[in-house]
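Just so it is clear, the structure is predicted and the values come from calculations on it, not from any experiment. Values below: all heavy atoms of this structure, side chains included; hydrogens, waters and symmetry mates excluded. Residue numbering restarts at 1 for every chain, and letters A, B, ... go by the order of the sequence lines.
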Number of protein chains: 2
Amino acid sequence: MKAGFPFLKEVFNSINTLPEVCSVELRNLAIEHEYAKFDYFAEAGEQVYSIGFVTEGLFRAFYRSSGGDEYNKTFFMPGSFIAPLTALVRGKQNQINLQALIPSRLLIFPYDQFTRLYDRYPELERLVRIVIQQEWAKKEEREIALVTQTARSRYETFLADHPGLEEEIPQYHIASYLGVTPIHLSRIRAEMAGR
Amino acid sequence: MKAGFPFLKEVFNSINTLPEVCSVELRNLAIEHEYAKFDYFAEAGEQVYSIGFVTEGLFRAFYRSSGGDEYNKTFFMPGSFIAPLTALVRGKQNQINLQALIPSRLLIFPYDQFTRLYDRYPELERLVRIVIQQEWAKKEEREIALVTQTARSRYETFLADHPGLEEEIPQYHIASYLGVTPIHLSRIRAEMAGR
DNA sequence: CGGGCTCATTAACATGGGTTAAGAGGGCTC
DNA sequence: GAGCCCTCTTAACCCATGTTAATGAGCCCG
C-alpha cells in the first residue's frame, strides 16, 4: 500500500522540508494508481480534479490539434509532479492529455484537498511555489529553443537532457516533442550519422 | 514619492488580500524608478537582484542569440510583475533583457528581501504562487501556439491579446514576438488586407 | 512460416518563411 | 526644402521542413 510514498517524501524534502504532520496528511490524502502502457491520467475535454506524482514509469503530456495532430510538450520521469495545471488553475476544461508510455505508477492527490493543506502548511505552499518556478524556467528555455534553434540542435539538446529516453520510446514521440515530423527527424539522424 | 504604490496594492489585493503590515513593509522596501525609452531594467550578462512591478509604460523581455538576433518573449503592461526569474531562481547570470519601449515607471524590490517576507506573510507567498501559476499557463498556451499554429494565426492571436499595442510599437517588435522576420509579417499583413 | 501489424527510412515534390536588395514614405534636423 | 534616418513594403531567390508515397525491417500471432 502506497509503496511510492517514501520516494515522494524524499523528493519533497530535498526541495523544502515539511513538518511530519504534513507528510502524514499527504500520505492519507494520496491514493496510488497503476497505469498500463497508453493509459491516461488525464484527457482533453474532461473536467480535472487531481494532481499526480510519478513514482515509476514514464508519462507524456501532449496537445492534440483540431486536425488531430499530436504535439508532445513534456516527458515526465519518476520524481516529477504531473498535473493538468492550466485546467486546474483556471477551472476550465482540460486541453492536455497525460498518458503513460510504459507501465507506470502515480500517487494521486485531489487538487482541492491538496491546496487546502497550504493554509495549515505554508512549507507545502513554498514547495509548490519552488517547483512551479523551476518549471517556469524550463519552459522559458524551451520557448527560446523553439524559436531560435534549428530542429537539429533541439534534437541534440533533447539527447543531452533525456539520456536513455531515446531507446525507450518510438522516434515519432521525440519528433513530436521537437516540433517536427518523424520524416524530418529521420533526415536529421541520417545527416548526423553520415558525418 | 512612490506614486505607483496604490496601484500595486490594488492589483495585489485583487489576487490575494495581504495584511496591512505586509503592505507597509512592501512599501518600505520598494523604490520607484523612472525609465526613458530604451532604458534597461535588466540586461543579459549581469547578475540580477531585483524584481519590478510595472506602474506605467511598457517593457519587453527579449533574448539575444549568439548571432545577435533578438527574439521578443513577452510584453509587460502596467500591473505586471517584471523579473529575470530564471536568473534569480537559479542564481545564474541573466540571459534575458528587460527594456522599456516607451517612458515607463517601475516599483523595484530587492529579491532577497522580498522573498524573506514570505516567512512572515504566507499571504504574499501565495500571491506569488498564484501569479507564477498564471504565467505558467500563459507560457503553455504560447508554447503550443508556436508549434501548432501558423505565423498568421499567431499574429491574429497577438492582435486579440494585446489590443492597441500594435499602434504603440514598431512592427519589427511584433514580428520578433511572433518568431518571424519583419519582412514576413509585412507579407502576412498584405495578405490579410488584400482579402 | 506467412500475413499483418508498427515503425523507420528514403525520394520527389510543395510550401512557409528566411535572405538580400531596392524603393517608398514619414519625420527629423539644419 | 534637402538630406538623412528609421520603418515598412515588395520582389526574387533560396532553404528548411512538410506532404505523400513507396519500401523495408522487425515483430507478433495464428
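B:Tyr172 has a side-chain polar atom (N or O) that falls below the 4.0 Å cut-off from OP1 or OP2 of D:dT7. In terms of phosphate contacts, B:Ser186 brings no side-chain nitrogen or oxygen within less than 4.0 Å of OP1 or OP2 of D:dC8. OP1 or OP2 of C:dG17 has not a single side-chain nitrogen or oxygen of B:Thr181 nearer than 4.0 Å.
When heavy atoms are screened at a 4.0 angstrom cut-off, A:Ile183 is found touching base atoms of the nucleic acid.
Under the 6.0 Å cut-off for aromatic ring centres, B:Phe59 and B:Tyr35 qualify, their centroids lying closer than that.
Taking atom CG of residue B:Leu178 and atom P of nucleotide C:dG17, one finds them 10 Å apart after rounding to whole Å. Rounded to a whole Å, the CD atom of A:Gln171 is 13 Å from the C1' atom of D:dA25. Between the CD1 atom of A:Ile169 and the P atom of C:dC7 there is a distance of 12 Å, given to the nearest Å. Taking atom CD of residue A:Gln149 and atom P of nucleotide C:dG18, one finds them 16 Å apart after rounding to whole Å. One can place CD of A:Glu167 at 12 Å from P of C:dA8, the figure rounded to the nearest angstrom. In this structure, the CG atom of B:Asp69 is 14 Å from the C1' atom of C:dG17, given to the nearest Å. Whole-Å rounding puts the B:His184 NE2 to D:dA12 C1' distance at 16 Å. At whole-Å resolution of the value, OH in B:Tyr155 and P in C:dG16 are 19 Å apart.
Judged by closest nucleotide on DNA chain D, B:Leu185 is the one of B:Leu185 and A:Thr150 placed further toward the 5' end.
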### Task
Given side-chain contact (heavy atoms from CB on, under 4.5 Å), test B:Leu178 with B:Asn72 step by step and report yes or no.
CA-CA 8 Å; B:Leu178 300 174; B:Asn72 284 347; over 6 Å; no

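Put simply, the side chain of A:Thr55 gets close to the backbone of A:Arg105: a donor and an acceptor are under 3.5 Å apart.
Under the side-chain contact (heavy atoms from CB on, under 4.5 Å) test applied with B:Phe62, the options B:Thr74, B:Asn97, B:Asp69 reduce to a single match, B:Asn97.
Residues A:Glu32 and A:Lys2 are not paired through a salt bridge, judged by the lack of any N-O separation under 4.0 Å between the basic side chain and the carboxylate.
Checked against D:dG18, C:dT10, C:dG17, the side chain of A:Arg187 finds its nearest nucleotide in D:dG18.
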